[in-house]
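For this chain, numbers begin at 1 and follow the sequence in order.
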Amino acid sequence: MAVRKPIRYILTIIVATIIVGCTDYVEYENSPQGNFEALWTILDENYCFFEYKNVDWDSVYNEYKPRVKNDMDSDALFDLMAEMLSTLKDGHVNLYAPHDIGRYWNWVEDFPANYNATIVSENYLGKDYSIVAGINYKMLEDSVGYIRYSSFANNVTNTGLTEIIKRFSACPGIIIDIRSNGGGSLVNVDKIASHFFGKKTLVGYISHKTGKGHSDFSELYPKYIESFGDTGYTKKVAVLTNRGCYSAANDFVNVMKNAPFATIIGDKTGGGSGLPFSSELPNGWSVRFSASPTYNVNKEHIEFGIEPNISVEMTEEDMKEGKDTIIEAARLFIKNNR
């Protein structure tokens, strides 16, 4: 079976489509050795963070190649190759087989949660919250608007977002809680963010691989956010973050860092700034990997996460009392900054 390497990467930068590269078909035999060689080569030619992460991919090959035996079963081969991929420390790098998914989750598992779903559900949203456009929202008792958005895979609409903001018009500000949001669609990122910008604004950059070399990248293409409406929201906005904010959620934080009235409150995000693409191995397994890096407005990588403007962590004392320390800090910030 031929290994199908990506022939085209099509990246959407706002409304522009860019063809980012192409490679030829390469034949590898369907054996443990062949599948290992295919996997290593696909990453070698297409992964985008080798130099940024100081990963010596040749040394990784020399370490893992001798451990590949042609008589090993599929479970052993999967475990070995998944272990090799984990050296990249990238939550966007996954090996997919019929029996399992190889994944790297240390970006969130090695850190405090800074989010308790039960406390939020019982003591903030309660039972009388509203749902629209994939978003749960409620005006809290101190008149601060609270939005809980758990996944950027939940599609939102401009109609729904406009209605939420209209209902929060009397509020001194809005909290957007995206903690433990593992990502989803960048379309939803841009759609939500556009309501908090008054004009077209530069929010970052993106590039793509142009060749097989680890340093073969295109120029940086600017990414802009267009304003939805004439002014955008003009009161205080607190975006709540933790290490569980990954991928599209990380991108949203990067974008909102540039919104004129937004402040990021909570913990550092989990990262995940490389747009992922997939390829297939001879045995039918597939591998997903980061192929196109994104950057902030200062042209800096955000792969390993984004620091908040105001750092706040949940406390045991507050949690015992059913309080969310980060939400309380955001409420205080909004009320003190009208």
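Across all their heavy atoms, Ser273 and Phe49 have their closest contact at OG-CZ, 3.6 Å. Pro260 approaches Phe196 most closely through the heavy-atom pair CD-O, 3.5 Å. Considering all non-hydrogen atoms of both residues, Asn114 and Met314 come closest at OD1-N, 2.7 Å. Considering all non-hydrogen atoms of both residues, Lys191 and Asn158 come closest at CG-OD1, 3.2 Å. Between Gly34 and Pro282, the shortest heavy-atom contact is O-CG, 4.5 Å. Residue Ser247 comes nearest to Gly182 through the heavy atom pair CB-O, 3.8 Å, listed as atom of the first residue, atom of the second, then distance.
Look at Arg148 and Asp177 and you find a salt bridge, because one of the NZ, NE, NH1 or NH2 atoms lies within 4.0 Å of a carboxylate O, short of that distance. At a threshold of 4.0 Å, the pair Lys320-Glu317 does not count as salt-bridged, since none of the basic side-chain nitrogens sits closer than that to a carboxylate oxygen. With salt bridges taken as basic N to acidic carboxylate O contacts below 4.0 Å, none links Lys69 and Asp71. Ionic pairing of Lys199 and Glu226 is not present here: no N-O contact between side-chain nitrogen and carboxylate oxygen is shorter than 4.0 angstrom.
Here the CE atom belonging to Met72 is positioned 8.5 Å from the CG atom belonging to Asp79, to the nearest 0.5 angstrom. Between Ser74 atom OG and Asp100 atom CG the span is 11.0 Å, to the nearest 0.5 Å. Of the inter-residue distances, the one linking Ile327 atom CD1 with Ile265 atom CD1 reads 11.0 Å to the nearest 0.5 angstrom. Ile192 contributes atom CD1, which lies 8.5 Å from atom CD1 of Ile164 (distance to the nearest 0.5 angstrom). Note: Ser180 OG to Arg243 CZ = 12.0 Å, rounded to the nearest 0.5 Å. The CD atom of Glu313 sits 11.0 Å away from the CZ atom of Phe111 when rounded to the nearest 0.5 Å.
Using modelled atom types, one finds a donor on one side chain and an acceptor on the other under 3.5 Å when comparing Tyr124 with Glu328. Side-chain atoms of Asn250 and Thr269 include a donor-acceptor pair closer than 3.5 Å. In the model, Asp90 has a side-chain atom that pairs as donor or acceptor with a side-chain atom of Ser290 under 3.5 Å. For the residue pair Tyr115 and Asp324, no side-chain donor N or O sits within less than 3.5 Å of a side-chain acceptor on the partner. Side chain to side chain, Asn296 and His301 fail the donor-acceptor criterion of an N or O pair below 3.5 Å. Gln33 and Tyr28 share no side-chain donor-acceptor pair at under 3.5 Å. Neither side chain, Arg103 nor Asn94, offers a donor N or O lying under 3.5 Å from an acceptor on the other. Side chains of Asp318 and Thr325: a donor on one and an acceptor on the other come within 3.5 Å. Side-chain atoms of Ser31 and Glu29 form a donor-acceptor pair, as typed in the model, at a separation below 3.5 Å.
Dense packing is recorded around NZ of Lys138, with more than 12 heavy atoms of other residues, nucleotides or ligands lying under 6.0 Å away. Under a cut-off of 6.0 angstrom, the local environment of CG in Asn70 is crowded, with over 12 non-hydrogen atoms contributed by other residues, nucleotides or ligands. Heavy atoms from other residues, nucleotides or ligands lying under 6.0 Å from CD of Glu109 number more than 12.
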Intermediate values then yes/no, salt bridge (charged side-chain N to carboxylate O under 4.0 Å, His left out), Glu303 and Lys53: CA-CA 10 Å; Glu303 167 67 5; Lys53 296 182 178 181; 3.0 Å; yes
Residues Phe277, Tyr47; criterion ring pair (Phe, Tyr, Trp, His ring centres under 6.0 Å); working and verdict: CA-CA 9 Å; Phe277 293 87; Tyr47 184 67; over 10 Å; no
Salt bridge (charged side-chain N to carboxylate O under 4.0 Å, His left out) between Glu307 and Lys257, worked out: CA-CA 10 Å; Glu307 296 285 353; Lys257 275 260 188 177; over 6 Å; no
Audit row: Arg67, Glu83, side-chain contact (heavy atoms from CB on, under 4.5 Å) steps and yes/no: CA-CA 12 Å; Arg67 296 168 58 184; Glu83 180 185 328; 3.2 Å; yes
Steps toward side-chain contact (heavy atoms from CB on, under 4.5 Å) verdict (Thr159, Glu163): CA-CA 6 Å; Thr159 301; Glu163 184 64 26; 5.8 Å; no
side-chain contact (heavy atoms from CB on, under 4.5 Å) between Thr234 and Phe261, intermediate numbers included: CA-CA 6 Å; Thr234 57; Phe261 301 101; 3.9 Å; yes
Pair Lys127-Glu122, salt bridge (charged side-chain N to carboxylate O under 4.0 Å, His left out): steps then yes or no: CA-CA 8 Å; Lys127 295 181 180 179; Glu122 293 182 355; over 6 Å; no
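Val93 places none of its side-chain heavy atoms less than 4.5 Å from the side chain of Arg288.
Residues Ile264 and Val255 share a single hydrophobic cluster, defined by chaining ILVMFWY side chains whose heavy atoms lie under 4.5 Å apart. Taken together through direct or relayed side-chain contacts under 4.5 Å among Ile, Leu, Val, Met, Phe, Trp and Tyr, Ile101 and Val108 form parts of separate hydrophobic clusters. Tyr104 and Leu39 fall into different hydrophobic clusters, where Ile, Leu, Val, Met, Phe, Trp and Tyr are joined by side-chain heavy atoms under 4.5 Å apart, directly or via other members. Note on Val68 and Leu43: same hydrophobic cluster, where clusters join Ile, Leu, Val, Met, Phe, Trp and Tyr whose side-chain heavy atoms are under 4.5 Å apart, directly or indirectly. A single hydrophobic cluster is seen to contain both Phe304 and Leu85, as judged by linkage of ILVMFWY side chains at heavy-atom distances under 4.5 Å, directly or through other members.
Centroid-to-centroid, the aromatic rings of Trp285 and Tyr96 stay 6.0 Å apart or farther. Checked against the 6.0 Å centroid threshold, Phe168 and Tyr146 do not count as a close aromatic pair. In summary, the aromatic rings of Tyr137 and Tyr149 are positioned with their centroids too far apart to meet the 6.0 Å limit. Close placement of the Phe228 and His195 rings is indicated, their centers lying within 6.0 Å of each other. Side-chain rings of His92 and Phe289 stay apart, their centers remaining 6.0 Å or farther from each other.
Between the side chain of Asp44 and the backbone N or O of Thr41 there is no donor-acceptor pair closer than 3.5 Å. For Asn188 (side chain) and Phe152 (main-chain N/O), a donor-acceptor pair under 3.5 Å exists by modelled atom type. Between the Asp73 side chain and the Asp75 main chain, a donor and an acceptor come within less than 3.5 Å of each other. The backbone N or O of Thr118 lies less than 3.5 Å from no partner atom in the side chain of Ser121, so there is not a single donor-acceptor pair. A side-chain donor-acceptor contact under 3.5 Å links Ser227 to the backbone of Phe197. Asn242 contributes no side-chain N or O that, together with a main-chain N or O of Asp267, makes up a donor-acceptor pair within less than 3.5 Å. Side-chain N or O atoms of Asn116 include one that pairs as donor or acceptor with a backbone N or O of Ile119 at under 3.5 Å.
The aromatic rings of Tyr221 and His208 sit parallel, their planes meeting at an angle under 30°, below the 60° perpendicular limit. Note: Trp40 and Trp57 have parallel aromatic rings, judged against thresholds of 30 and 60 degrees for the angle between ring planes.
When each of Asn254, Asp251, Thr294 is tested with Lys223 by the rule side-chain hydrogen bond (donor to acceptor under 3.5 Å, both in side chains), just one qualifies, namely Asp251.
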